Amino acid sequence: DEISNLVSVFQEGNGTVTRIIRMGTRKSQLARIQTDSVAEKLKELYPDLQLEIGTRRLSIIGEKSLFTKELENALERNEVDLVVHSLKDLPTSLPPGFTIGAVLQRENPHDAVVLHPKNAGLSLDSLPEKSVIGTSSLRRAAQLKKRFPQLVFENIRGNLNTRLKKLDEKEDFAAIILAAAGLKRMGWESRIGQVLGPEDCMYAVGQGALAIEVRARDRDILEMVSVLHDPDTVLRCIAERAFLKQLEGGCSVPVAVHTEVKNSVLYLTGAVYSLDGTDCLKDTMQTNIDLHDLVHDGAGERAHVGVTAHSLPLLALDAAEKLGTDLANLLLSKGAQDILTTARQLNDAR
Ligand code: DPM
């Protein structure tokens with residue numbers, strides 16, 4: 001077992017009580033960087049806090065819900081107190097007993113083009129015809145195939161380090177598509193050749209935001225991490241997650257979103273695509289979200305699509321969730337279910 005023997009204790013010395021907080025992380029460089037950045041923020045806010053970070057090797061590789069599962073097991077068994085995830089890797093329904101206690105301020109949520117060094121200076125528009133672009137995301141492939149029919153899209157697998165190596169050290173790919181946020185966290189911002197705006201490629205639900213998963217019953221830890229909530233990010237991500245949940249879309253469906261908060265209005269654009277992008281249903285809805293509504297103490301309040309945010313106004317949280325559900329229902333009324341079912345079947349058959 002990779003988790004070091006970390007013990008949760010309350011140390012009592014010279015009148016102060018310090019609890020050691022144990023953070024669980026996967027071993028990938030991105031996971032470590034993300035966990036360390038949250039540890040740093042917690043240390044700034046709570047200088048007396050003692051943090052320990054234990055890594056856990058993946059025993060099962062593949063399905064996304066499995067790869068977050070290992071860490072949930074460690075949470076459940078009380079081996080760790082909190083786990084940092086990319087929000088976009090967390091399912092819209094968490095297993096009972098778990099909740100997202102903080103959603104941190106979102107980085108650039110857009111996708112980015114990373115070019116083979118020999119193509120430096122080019123873009124998806126100017127790359128030669130039939131250039132091979134690497135991505136395993138159905139969402140990215142669907143949108144980009146439609147928008148750039150002259151390009152060829154092929155799967156590329158592995159963690160970010162592996163993918164960059166495959167790009168640079170071989171001639172298989174002219175470019176690959178990755179989330180700008182992950183590239184920035186890895187310190188690879190300089191490799192971004194092009195950031196894809198919503199007209200080229202809308203992003204995945206929760207993309208670019210970090211989430212802290214905790215035991216739902218652990219009130220102390222919940223309260224401690226809740227100060228890390230970024231209100232705009234929380235509301236945007238609740239709307240996005242409610243949209244995906246209502247569509248019954250998992251991690252790997254061609255569903256994309258775009259959200260904005262302006263003058264207390266939350267805008268959500270959502271879309272579903274066929275695998276080649278030719279079928280597309282897309283719409284935008286909006287709702288008022290007043291962050292100056294009376295803040296409620298939230299005792300006993302429910303989570304919103306897995307997110308517990310007692311420090312935010314309940315009215316705003318409810319409105320954000322309803323926005324996502326309403327937009328999904330609108331697209332479902334126009335036939336979104338057929339598009340997604342067909343996409344799932346074709347993808348499973350590949
Ligand atoms: C999910 C997808 C991908 C990750 C699917 C999608 C990309 C898979 C691929 C749900 N999770 O986006 O349509 O490219 O084959 C992932 C990344 C990050 C979190 C890497 C990336 C970092 C960025 C973030 C993998 N999960 O998307 O480039 O925190 O949002």
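Just so it is clear, the structure is predicted and the values come from calculations on it, not from any experiment. As the structure lists them, so they are numbered: ligands from 1, and atoms in each ligand from 1.
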Discussion item. Checking Gln207 against Asp111: is there a side-chain donor and acceptor pair closer than 3.5 Å?
Written reply: yes
Worksheet item: Is there a path from Met186 to Val38 through hydrophobic residues (I, L, V, M, F, W, Y) whose side chains come within less than 4.5 Å of each other?
Response: no
Practice prompt. Examine the proximity of ligand 1 to Arg140 and report which part, side chain or backbone, both or neither, has a heavy atom under 4.0 Å away.
Written response: side chain
Worksheet item: For Val103, which of Leu87, Leu228, Ile212 qualifies under side-chain contact (heavy atoms from CB on, under 4.5 Å)?
Response: Leu87
Item to complete: Supply the atom-to-atom distance Leu327 CG to Leu332 CG, rounded to the nearest 0.5 angstrom.
Response: 9.5 Å
Fill in: Those atoms of ligand 1 less than 4.0 Å from some heavy atom in Gly208
24 (C), 29 (O), 30 (O)
Discussion item. When you measure from the heavy atoms of Arg163 to every atom of ligand 1, does any distance fall below 4.0 Å?
Written reply: yes
Worksheet, complete the sentence: So the atoms of ligand 1 within less than 4.0 Å of a heavy atom of Leu178 turn out to be 28 (O)
Worksheet entry | Pick from Lys88, Gln207, Arg185: the one approaching atom 29 (O) of ligand 1 most closely through a non-hydrogen atom | Arg185
Fill in: Contacting atoms of ligand 1, where contact means under 4.0 angstrom from a heavy atom of Arg139
6 (C), 12 (O), 13 (O)
Worksheet item: Can a salt bridge be assigned to the pair Arg302 and Asp318 using a cut-off of 4.0 Å between side-chain N and carboxylate O?
Response: yes
Worksheet item: What atoms of ligand 1 come closer than 4.0 angstrom to any heavy atom of Ser137?
Response: 6 (C), 9 (C), 13 (O), 15 (O)
Worksheet item: Quick one: which ligand 1 atoms are inside 4.0 Å of a heavy atom on Ser86?
Response: 19 (C), 24 (C), 29 (O)
Worksheet item: Roughly how far apart are Arg344 CZ and Thr342 OG1, rounded to 0.5 Å?
Response: 10.0 Å
Discussion item. Assess, by modelled atom type and distance only, whether the side chains of Asp338 and Thr341 contain a donor and an acceptor separated by less than 3.5 Å.
Written reply: no
Worksheet entry | Any N/O pair Ala204/ligand 1 closer than 3.5 Å | no
Worksheet item: Do any N/O atoms on Ala179 end up under 3.5 angstrom from N/O atoms on ligand 1?
Response: yes
Fill in: Those atoms of ligand 1 less than 4.0 Å from some heavy atom in Ser136
15 (O)
Discussion item. Please determine whether a side-chain nitrogen of the Lys or Arg among Glu154 and Lys166 lies less than 4.0 Å from a carboxylate oxygen of the Asp or Glu.
Written reply: no
